[in-house]
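First up is the structure itself, then whatever we jot down about it.
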Amino acid sequence: MRVAQTAYARQQRVGMTGNEAVAYAVKQADVDVIAAYPITPQTIIVERLAEYVNNGELNAVYIPAESEHSALSACVGAALAGARVFTATASQGLALMWEILWIASALRTTIVMALANRALSAPINIHCSHDDAYACRDTGWIQFFAENVQEAYDLTLMAFRVSEDKRVLFPSIVNLDGFILSHGLEALYVLSDDAVKGFIPPKEPVYPIDPERPMTYGPLALFDYYMEFKKVQAEAFKRVYPVILETFGKYEEISGRRYSPVKTYLMEDAEVAVVVLGSSAGTARYVARRLRAKGQKVGVVSLTLYRPFPAGDLAKALRGLKAVVVMDRSYSFGSPGAQLFMDVATALYHERERPLLINAIYGLGGRDLMPQHVEEAFEVAREAARTGEVKEREIWLGVR
Amino acid sequence: MLYEVRWHGRGGQGVVTASDLLARAAILEGKYAYHAPEFGPERRGAPVRAFTRISDEPLEQHFGIYNPDAVVVIDPALQSEVGYILEGVKEGGLLILNARKVDDRLLERSRSLGLSVWAVDAYSVALEVFGRPLYNTPMLGAFVKAAGIVKLDNVLEAVRERFKVPDLAERNVEAIKRCFEGVSRVS
């Protein structure tokens, strides 16, 4: 490791895979409990954490559970007891956690989970899709999307601070594209342990489990109170967004890296744009630069925050555009559009002037998103802008 | 400068580690890099590829590498798969082989593409240094010499950071140095 100069003084520039970067952030966050299922589709994240615990670099309880369902259940218990808790999973593993996801949120636990996004079976596949991330969208978890290894590291640190903030008290998922980022290695800057310690204050549990003062968590509530619980949870979740903005600001102060829920690129005078999640954002910008050089007015919008969905800021970013292609790395059978498309369409519905919308399905099961696929998306958007109509609402990029 | 490398080998030989170490070395000398393994089912003996992208400018694209500047084949028995090895390689690019004798068909095809072909007997080096056919660090040494895009010292530092056990690190350093010295241009 070498120490960097100038703006990144006191940070080290290192090479890490996404898995290593997340594990390093979790170690620096000084978690108390890690519970995870250690076998496929698990990533090296928890393997590295097990090493940290084993060699004494991290003072934490490591629970290798017999299933993801048990792993997340253990996380819920540990979080309610007041611990700082982390877990990681992907695809089928996330699916097996699914019923506990709702409980983790409703009980206001502050678990942080890394989700190395992978496709759901069948057919069996271990590569990237956003099926697993989308499957969590209604469960009351905060969801961040990293577009590179640096962001996977940064967002993991920020997730702990956001989740444990007393104005929030909701669990967080940090999404990183399976293999592309989880097993991909890149350069990144890491903070000092002291800087992280200052950024994430010690967890102050709210109503922790206490044998001296027995309490009931998640009791039965039927038609008499269930709806009031959900209304309270809904109102609480609406207060998360400003805390995330504030946390992004605080993180910029210590890191020099600016985060925002909606990232815009070449959008000032753009006529058409793509909206994208995850590691494809950089590829889309790479293509947009080349098309700009040919005089095409194209731009890229990517989301760092998926839940709460930044509807207002996204609508603002897309204002004045003629056509937009929403890129989905998943498919929602029988829906009026894939998952991100439906969110974007809903966010735009209340706008007086709306761009034409096209839904592009891409990258399923790790299919590479090549520059020509993004060019195709922009071309479809430009044609819609030119003719004023959408020929096909749903296109598939890179499918044979 | 944008330089892209494709590594070929078989599961268990260290293809992914070679690519990983090259990216770490490039990052150590202040460059930008992206390394990605191409994972199929992880089983010993299956053909495996890995990719390294190195640049002086920040990298943000995450798509695959289709037209590599260099192809490194760490498994001596893969030489006969001419089409597979040379797929998409840039004209005038680099081919580095683990071979005592280069396959005639491969050599002929490489010449027609204007490739610069280098070879080293990494098999003998691996057996002498590790006692088994591990080709990752030996062939990394050969690549460093033939390509000349990262400094040997930075590769050795990356190896010492990656292999925390001193004896293991030093054996890998020796393997790298021997193939760095031993690799020669065939065509």
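Just so you know, these numbers use all the heavy atoms, side chains as well, and skip hydrogens, waters and symmetry mates. To find a chain, count down the sequence lines: A is the first, B the second, and so on, and within it residues start at 1.
When heavy atoms are compared at a cutoff of 4.5 Å, Y66(B) approaches chain A solely by way of its side chain, counted from C-beta outward. Contacts between A33(B) and chain A at a heavy-atom distance below 4.5 Å involve the backbone alone (N, CA, C, O). Both the backbone and the side chain of I180(A) come within less than 4.5 Å of a heavy atom of chain B. Of the two parts of Q150(A), neither the backbone nor the side chain holds a non-hydrogen atom closer than 4.5 Å to a non-hydrogen atom of chain B. Using a 4.5 Å cut-off between heavy atoms, R367(A) makes no contact with chain B at all.
A ring-centre distance under 6.0 Å is not found for Y189(A) and Y153(A).
Side-chain atoms of D368(A) and H62(B) include no donor-acceptor pair closer than 3.5 Å.
Among L364(A), N117(A), L120(A), the single residue meeting the side chain to side chain contact (heavy atoms under 4.5 Å, CB included) criterion with S129(A) is L364(A).
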Might you work through the salt bridge (Lys or Arg N to Asp or Glu O under 4.0 Å) test for E87(B) and R6(B), ending with a clear yes or no? CA-CA 10 Å; E87(B) 187 187 356; R6(B) 186 172 72 218; 5.3 Å; no
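Between chain B and the options T283(A), L369(A), D177(A), heavy-atom pairs under 4.5 Å are most frequent for T283(A).
For the pair R53(B) and F63(B), the distance from NZ or CZ to the six-membered ring centre is under 6.0 Å and the angle to the ring normal is within 45 degrees.
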